[in-house]
Number of protein chains: 2
Amino acid sequence: MAHTNDSPAGVLGDRAQRVLKALVEQYIEDGEPVGSRTLARDGGLALSPATIRNVMSDLEDLGYVHSPHTSAGRVPTVRGYRFFVDSLLEVRPLDGEELSRLRRSLAPGTGTQEVVGIASDLLSAITRMAGVVTLPRGRSDSLRHVEFLPLEGRRVLAILVIDEERVENRIIRTAREYSAAELEQAGNYLTRNFAGKTLREVRRQLVREMREAREHLDRVMLAAIDMAEKSFEPADGGGDFVLAGQTNLMDFRELSGSVERLRLLFDAFNQKREILHLLDECARAEGVRIFIGEESGYEVLDGCSVVTAPYQREGRVLGVLGVIGPTRMAYERVIPIVDATARLLSAALNSR
Amino acid sequence: MAHTNDSPAGVLGDRAQRVLKALVEQYIEDGEPVGSRTLARDGGLALSPATIRNVMSDLEDLGYVHSPHTSAGRVPTVRGYRFFVDSLLEVRPLDGEELSRLRRSLAPGTGTQEVVGIASDLLSAITRMAGVVTLPRGRSDSLRHVEFLPLEGRRVLAILVIDEERVENRIIRTAREYSAAELEQAGNYLTRNFAGKTLREVRRQLVREMREAREHLDRVMLAAIDMAEKSFEPADGGGDFVLAGQTNLMDFRELSGSVERLRLLFDAFNQKREILHLLDECARAEGVRIFIGEESGYEVLDGCSVVTAPYQREGRVLGVLGVIGPTRMAYERVIPIVDATARLLSAALNSR
DNA sequence: GGTTAGCACTCTCCAGGTTAGAGTGCTAAC
DNA sequence: GTTAGCACTCTAACCTGGAGAGTGCTAACC
């Protein structure tokens with residue numbers, strides 16, 4: 001009432017923005033609710049505490065900040081963080097030392113699996129939060145080589161080499177027993193005729209051929225079809241990710257305060273499903289994406305933010321990497337780190 | 001002075017043993033320091049609190065129990081637990097339901113990798129602590145099949161099938177570029193001539209042959225030797241284990257009380273080294289082994305106990321499984337569970 | 001009219017004191 | 001040898017009263 005904003009309702013005036021920015025920055029720095037006095041002293045605003053109080057009161061009405069109790073300073077809400085990240089954030093260019101560390105560690109010519117692990121470790125080490133990288137996978141798996149080995153009891157070990165250097169092995173159960181020679185032939189047949197196609201295509205084509213010319217098929221092809229049908233099913237979980245430095249999250253009191261919540265979070269990491277869904281979403285968009293607290297839509301991530309960026313090879317998005325930490329994270333530092341890591345990982349995978 | 005023990009110094013009289021037993025059981029049950037009154041009431045000892053106090057005083061002098069402060073009841077020391085486990089424990093036979101759950105889940109004929117994961121999950125689920133199973137590995141890896149595929153830039157993807165159904169793949173760098181055909185021949189050569197031998201033997205033999213008859217070697221053999229030398233190196237870490245239910249440990253206040261300690265523990269799980277050492281030790285002995293607190297020799301396991309048992313196939317120990325939890329665990333329940341799981345896992349692996 | 005100083009008020013946090021409860025050790029009686 | 005009784009000790013829980021921080025309101029100021 002006393003101090004209505006000078007801008008249209010719901011839109012922040014310039015001064016309010018400056019106050020919000022200072023408040024969020026201060027809160028990110030030391031995690032204590034921020035009071036008007038502190039802000040007047042250290043915020044670089046050239047405003048008196050009283051004025052700041054008025055502005056903060058407006059901010060609270062608009063839902064950008066929140067007061068834990070009557071006399072405790074203000075804390076940014078999710079909405080406050082969102083506005084901060086979208087409109088107020090000044091992304092700090094990446095520290096030279098950190099950049100060179102990334103460069104050194106993500107050297108081209110390392111195995112994919114390996115470099116993915118390294119990226120995850122780096123993200124975790126540099127940000128001191130949890131680093132996560134989804135494994136390249138999925139939709140357009142291109143078959144390179146197939147090998148079948150007989151096991152005891154009508155079981156067959158299928159080894160698939162996909163996308164140059166990814167090895168997957170599955171144990172499948174077959175209708176009848178196959179000899180080693182039969183399996184070898186079947187493998188050779190599949191490798192010879194289908195290398196370069198995706199698992200999905202191979203499967204579809206085999207099924208079609210079988211339907212069209214059931215009677216003309218020889219033993220080898222029949223065996224091949226039998227095997228392929230079972231072993232080329234879409235990968236078991238549908239994907240996976242590598243996580244590093246979960247335990248870093250124990251250092252943040254807003255998370256470790258309730259062991260209960262921490263446990264939920266860690267359980268989610270182990271089950272992977274929800275986290276993976278979220279990361280998958282991120283693969284669609286370009287560039288750095290940020291989920292703040294509940295925005296992610298997953299309850300376990302309450303109080304956490306997730307900063308991600310997709311990485312690619314030859315223009316095709318292979319996966320997503322990012323960082324998971326408390327909402328109160330140093331976005332201006334984390335964003336360029338995630339961005340740079342994604343670029344360097346892409347570079348490392350491309351230059352072969 | 002007043003109540004000297006009626007047995008030789010350091011050896012516990014019958015009554016003292018009964019008191020210690022009741023005390024440890026009580027403490028395991030509710031985690032509070034146990035006082036004389038409680039023990040007189042619920043311990044089934046038919047002794048008055050005063051008498052129990054005298055006995056407890058003796059036990060404290062002998063180092064079996066400890067008083068956190070003047071008036072707080074007694075808590076078992078590591079030595080107390082040790083004596084309890086060695087001499088007083090009455091192992092409860094396994095609950096029928098639990099046993100049948102184990103039986104059902106550890107059915108024979110499942111893939112090794114898979115069944116190991118299942119065992120770990122089971123241990124964790126039934127005991128509500130952390131379950132751990134070392135992966136079958138190491139010393140006597142028997143080679144079954146070798147495949148080499150060329151990658152770009154003088155790199156080769158080596159796929160080794162070991163011990164029937166274990167697949168390992170490594171990327172190696174070679175001195176010169178090899179063609180796909182050469183690599184295929186090399187792989188076939190190795191598979192044909194060395195299947196059934198351990199990686200170590202193969203390597204040794206190849207090196208010997210090379211030394212003896214360097215000039216007579218044909219292209220295929222040279223390539224094979226080059227490959228094998230690099231890809232048959234003892235496996236990267238030297239071993240590994242599967243862990244399940246770490247987060248269960250967060251439920252125990254003696255561990256979760258200090259997030260610091262919990263963090264150390266979780267870091268140890270991630271780094272695996274120390275835990276793996278300990279588990280390796282256990283593979284030597286037969287039957288169930290128990291490490292209580294500091295006994296393990298690893299600082300991170302302070303406050304934790306580890307109960308393990310080796311599992312085997314055809315008489316040969318393949319690995320170790322067990323449970324990690326707070327010192328204050330229900331040994332009489334955990335021991336038969338670990339024991340049974342080891343037996344059933346062995347059975348599942350044998351009956352092929 | 002926006003900005004600021006002043007002030008009364010609220011709330012948390014902490015230190016200190018008090019109490020209730022639990023447990024002990026000792027002594028004396030059984 | 002065992003037990004009841006009692007004085008003593010220690011902790012945890014609770015209350016209490018500042019101290020400090022922060023707020024909202026009002027009135028004065030530019």
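Just so it is clear, the values below take in all heavy atoms, side chains as well, and ignore hydrogens, waters and symmetry mates. Just so it is clear: chains get the letters A, B, ... in the order the sequence lines come, proteins before strands, and each one is counted from 1.
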Which is true for B/S67 with a 4.0 Å heavy-atom rule: it touches a base, it touches only sugar-phosphate, or it touches nothing? nothing
Salt bridge (charged side-chain N to carboxylate O under 4.0 Å, His left out) filter on A/D121, not counting sequence neighbours, yields none
Let me know the distance between CZ of A/R37 and C1' of C/dC7, rounded to the nearest Å. 13 Å
Rounded to whole Å, CZ of A/R53 lies from P of D/dT26 at a distance of 14 Å
What residues form a salt bridge (charged side-chain N to carboxylate O under 4.0 Å, His left out) with B/D42, not counting sequence neighbours? none
A/S67 versus A/V75: any side-chain heavy-atom pair under 4.5 Å? no
Kindly indicate whether the side chain of B/L301, heavy atoms from C-beta on, has any atom under 4.5 Å from the side chain of B/L265. yes
Within 45° of the six-membered ring axis of A/F241 and under 6.0 Å from that ring's centre, is NZ or CZ of A/K272 located there? yes
d(CZ, B/R74; C1', C/dG23) in whole Å: 9 Å
Could you spell out the base pairing of DNA chain C in dot-bracket, with Watson-Crick or G-U pairs whose two distances are under 3.5 Å, [ ] crossing and | to another strand? ||||||||||||||||||||||||||||||
B/I52 CD1 - C/dC26 P separation (whole Å): 18 Å
In short, side-chain hydrogen bond (donor to acceptor under 3.5 Å, both in side chains) pairs touching residues 292-302 of chain B with sequence neighbours left out are B/R82-B/E295
Please check this pair: side chain of B/T127 against backbone of B/L123, looking for a donor-acceptor N/O pair closer than 3.5 Å. yes
Would you please say whether a donor-acceptor pair under 3.5 Å links the side chains of B/Y331 and B/S305? yes
Would you say a side-chain N or O of B/S48 is under 4.0 Å from OP1 or OP2 of D/dG5? no
Nearest to the side chain of B/S36 - D/dT9, D/dT3, C/dT24? C/dT24
Any pair counted as salt bridge (Lys or Arg N to Asp or Glu O under 4.0 Å), so long as it reaches residues 27-39 of chain A, sequence neighbours left out: A/E32-A/R253
Here the distance between atom P of D/dT3 and atom CG of B/L45, to the nearest Å, is 11 Å
Between C/dA22 atom C1' and B/E32 atom CD, what is the distance in whole Å? 12 Å
Let's see if you can work this out: which of D/dT9, C/dT4, C/dT24 has an atom nearest to the side-chain heavy atoms of B/M56? C/dT24
Below 3.5 Å between N/O atoms, which protein atoms pair up with nucleotides 12-17 of chain C? Just atom names and distances, please.
none

Taking OP1 and OP2 of C/dC11, is either one under 4.0 Å from a side-chain nitrogen or oxygen of A/T70? yes
Once you round it to whole Å, what is the distance between P of D/dG1 and CZ of B/R15? 9 Å
Using a 4.0 Å heavy-atom cut-off across all strands, classify B/T51 as base, sugar-phosphate, or nothing. base
note: B/D42, atom CG; C/dA22, atom P; distance rounded to Å ~ 13 Å
